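Please read the structure below before turning to the comments.
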Protein chains: 2
Amino acid sequence: MKNISRLKDSNLKVTPQRLEIVKILSTYGHMNINSLYEALREKFPTLSLATIYKNIHTMRDKSFLSEVKIPNQKNLYELKKEEHSHIVCSKCDDIIDIELDTSSFINQASSISNYKLDKSSIVLIGICPKCATI
Amino acid sequence: MKNISRLKDSNLKVTPQRLEIVKILSTYGHMNINSLYEALREKFPTLSLATIYKNIHTMRDKSFLSEVKIPNQKNLYELKKEEHSHIVCSKCDDIIDIELDTSSFINQASSISNYKLDKSSIVLIGICPKCATI
DNA sequence: TATTTATTGGATAATTTTTATCCTTAAGAG
DNA sequence: CTCTTAAGGATAAAAATTATCCAATAAATA
C-alpha cells in the first residue's frame with residue numbers, strides 16, 4: 001500500500017497508529033492535535049495522547065508532515081507536499097490548499113529587503129463560496 | 001503623549017503597565033509573551049503574568065495589537081498598523097515588516113478559489129543580509 | 001524463520017502555557 | 001471629590017506539551 005512506502009521513504013517505522021494518522025490526514029487535510037486525537041481514538045480507543053505528540057514531532061522532524069499556522073487557530077498539521085498556500089474562510093474556518101505563483105511576489109520582497117528568500121507561508125483570509133450565499 | 005491617545009482611541013484605560021507594553025512593543029516590534037514579560041519586569045518587578053495575558057487579550061480584542069504566527073516560533077504580538085507582511089531570517093530569527101503589493105496575488109487566488117478574500121497573513125522565509133555574509 | 005536490537009506505544013508524571021478567580025487598587029466619568 | 005468600573009497582583013485551576021518508564025513490536029540480521 002502507498003502509505004506504507006511513504007512512511008518507509010521517510011525512515012519512519014510502519015505501525016498501525018502511524019498508518020491511521022496518514023489515512024486521517026489525507027482524508028481531512030489539516031488537523032489540530034485534538035481533532036486528530038479524537039479521530040484516532042475511533043480506531044484505537046486506547047491510543048495515548050503522548051503517542052500523537054511523539055509522532056507529530058518525529059514526522060515533522062523528518063519532513064513527513066508540516067505544521068501550519070493560521071490566524072486564530074491552533075497549530076494544524078498536514079502531510080507534506082509541494083509548497084502551497086492556504087485559504088481560510090473566516091466564517092466556517094474551512095481551509096483549502098492552493099498553488100499560487102509566488103515568484104513575482106518573492107522577487108519584489110527580495111529586492112526590497114535584501115533577504116535571500118526561499119520559502120513562504122501564505123494564508124489568505126476571506127469568505128468561502130458556501131458561506132457567501134448564506 | 002502619543003501612546004496615551006493611542007490607548008484612549010481604542011477605549012483602553014491608560015495605565016502605567018499598558019503604556020510600558022506599548023513602549024516596549026514599539027521598540028522591539030514583535031514579541032512573544034515571555035520576552036514581553038521579562039522586558040516589563042525590568043520596569044515593574046512585581047508585574048504579574050496574568051496582567052500580560054489579560055492585556056494582550058483585551059488589546060487584541062480591540063484591535064490595538066495583532067497576533068503574528070511565524071513558522072517554528074511562538075505567537076508574537078505587534079502593535080496594529082496598516083496590513084503588511086513579514087520576513088523572517090531562518091538563521092537568526094530576526095523579523096522585519098514589509099509592505100508588499102498583494103493585489104495581483106489576491107486576485108489570482110480569488111479567481112481560482114472563488115473565495116472573497118480580504119485579508120492576508122504572509123510570511124516569507126530566508127536569510128537576512130547579515131547572516132548571508134557570515 | 002528465529003533471534004536480537006532499537007524503536008514505538010501506552011500510562012503517567014512533570015512542565016509549561018494559558019485561563020479563571022478573588023480581592024485590592026486605581027483610572028476616569030460625573 | 002466621590003463613585004463606579006475596570007485593571008493589577010496573587011494564586012489556583014485548567015489546558016497543552018514534554019518527559020519518563022516499561023512492555024510490546026517492527027524490522028534488521030543471523
Side-chain angles (χ1 to χ4, degrees), chain A residues 1 3-25 31-62 64-77, chain B residues 1 3-25 31-62 64-77:
Chain A
M1 199 229 221
N3 290 339
I4 292 179
S5 43
R6 286 184 73 170
L7 287 167
K8 283 186 180 167
D9 288 348
S10 295
N11 289 313
L12 290 161
K13 278 194 180 179
V14 179
T15 70
Q17 292 87 346
R18 281 177 177 177
L19 281 171
E20 187 68 7
I21 289 175
V22 178
K23 191 177 162 193
I24 292 171
L25 283 180
M31 300 186 89
N32 63 34
I33 294 285
N34 245 300
S35 45
L36 181 57
Y37 182 53
E38 283 169 24
L40 281 166
R41 297 272 288 198
E42 291 186 13
K43 181 155 185 179
F44 300 100
T46 71
L47 184 135
S48 166
L49 195 49
T51 298
I52 292 190
Y53 279 104
K54 280 187 284 192
N55 276 313
I56 290 293
H57 286 148
T58 54
M59 287 174 165
R60 192 191 47 189
D61 292 346
K62 304 206 175 187
F64 185 80
L65 51 78
S66 43
E67 196 173 63
V68 181
K69 286 174 181 281
I70 305 271
N72 306 117
Q73 295 199 27
K74 305 235 157 109
N75 285 347
L76 300 174
Y77 300 90
Chain B
M1 199 232 222
N3 290 339
I4 292 180
S5 43
R6 286 185 74 171
L7 286 167
K8 283 186 180 167
D9 288 348
S10 295
N11 289 311
L12 290 161
K13 278 193 180 177
V14 179
T15 69
Q17 292 84 348
R18 282 178 176 175
L19 281 171
E20 187 67 8
I21 289 175
V22 178
K23 191 177 163 194
I24 291 172
L25 283 180
M31 299 186 91
N32 64 34
I33 293 285
N34 245 299
S35 45
L36 182 57
Y37 182 53
E38 283 169 24
L40 282 165
R41 297 272 287 198
E42 291 187 13
K43 181 154 186 182
F44 300 101
T46 70
L47 184 133
S48 166
L49 195 47
T51 297
I52 292 190
Y53 278 103
K54 281 188 283 193
N55 275 313
I56 290 293
H57 287 149
T58 55
M59 287 174 165
R60 194 190 47 190
D61 293 347
K62 306 207 174 188
F64 184 81
L65 52 77
S66 43
E67 195 173 66
V68 181
K69 286 175 182 281
I70 306 272
N72 306 117
Q73 296 199 26
K74 305 235 157 110
N75 286 347
L76 301 174
Y77 299 91

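Quantities reported herein were computed from a predicted structural model and do not represent experimental measurements. Residue numbers start from 1 in every chain, and the chains themselves are labelled A, B, ... in the order their sequence lines are given, proteins ahead of strands.
- Of the possible polar contacts, none joining the B/Lys23 side chain to the B/Asn3 backbone as a donor-acceptor pair under 3.5 Å is found.
- Residue-to-nucleotide proximity on DNA chain D shows that, of B/Arg41 and B/Asn11, the 5′-proximal contact is made by B/Asn11.
- One atom, CG of B/Asn34, and another, C1' of C/dT16, lie 10 Å apart when rounded to the nearest Å.
- For C/dG10, one of the phosphate oxygens OP1 or OP2 lies less than 4.0 angstrom from a side-chain nitrogen or oxygen of A/Thr46.
- For the pair B/His57 NE2 and C/dT19 C1', the interatomic distance rounds to 8 Å; values are reported in whole Å.
- Judged purely by atom type and a 3.5 angstrom limit, A/Ser10 has no side-chain atom pairing as donor or acceptor with the backbone of A/Leu12.
- Closest to the side chain of B/Val14, out of C/dA11, D/dT17, C/dG28, is C/dG28.
- A/Leu19 places its CG atom 13 Å from the P atom of C/dT8, with the value rounded to the nearest Å.
- Contact between B/Leu7 and B/Met59 at its shortest, heavy atoms only, is CD2-CE, 4.0 Å.
- C/dT17 atom P lies 16 Å from atom CD1 of A/Ile33, rounded to whole Å.
- Looking at the side chain of B/Lys13, the nearest of the listed nucleotides D/dA6, C/dT18, D/dT17 is D/dA6.
- Using a 4.0 Å cut-off, no side-chain N or O of A/Lys54 falls inside it from OP1 or OP2 of C/dT8.
- Here the side chain of A/Arg18 is nearest to one of C/dA20, D/dA7, C/dT8, namely C/dT8.
- For the pair A/Asn55 and C/dT8, the criterion of a side-chain N or O lying under 4.0 Å from OP1 or OP2 is not met.
- As a whole-Å value, the separation of B/Ile56 CD1 from C/dT18 P is 11 Å.
- In terms of modelled atom types and a separation under 3.5 Å, the side chain of A/Lys69 and the main chain of B/Gln73 share a donor-acceptor contact.
- Proximity of B/Thr15 to the phosphate of D/dG8: a side-chain N or O atom is located under 4.0 Å from OP1 or OP2.
- Here the nucleotide nearest the side chain of A/Tyr53, chosen from D/dA6, D/dG8, D/dT17, is D/dT17.
- One can place OH of A/Tyr37 at 12 Å from P of D/dA16, the figure rounded to the nearest angstrom.
- OP1 or OP2 of D/dG9 has at least one side-chain nitrogen or oxygen of B/Gln17 nearer than 4.0 Å.
- Rounded to an integer number of Å, the gap from B/Lys43 NZ to D/dG8 C1' is 16 Å.
- Map A/Leu12 and B/Pro16 each onto its nearest nucleotide of DNA chain C; the residue landing nearer the 5' end is A/Leu12.
- When the P atom of C/dT25 is taken as reference, atom CG of B/Leu47 falls 17 Å away, rounded to whole Å.
- In this model, no donor atom of one side chain and acceptor atom of the other lie less than 3.5 Å apart for B/Asp61 and B/Thr58.
- In terms of phosphate contacts, B/Lys74 brings a side-chain nitrogen or oxygen within less than 4.0 Å of OP1 or OP2 of C/dT17.
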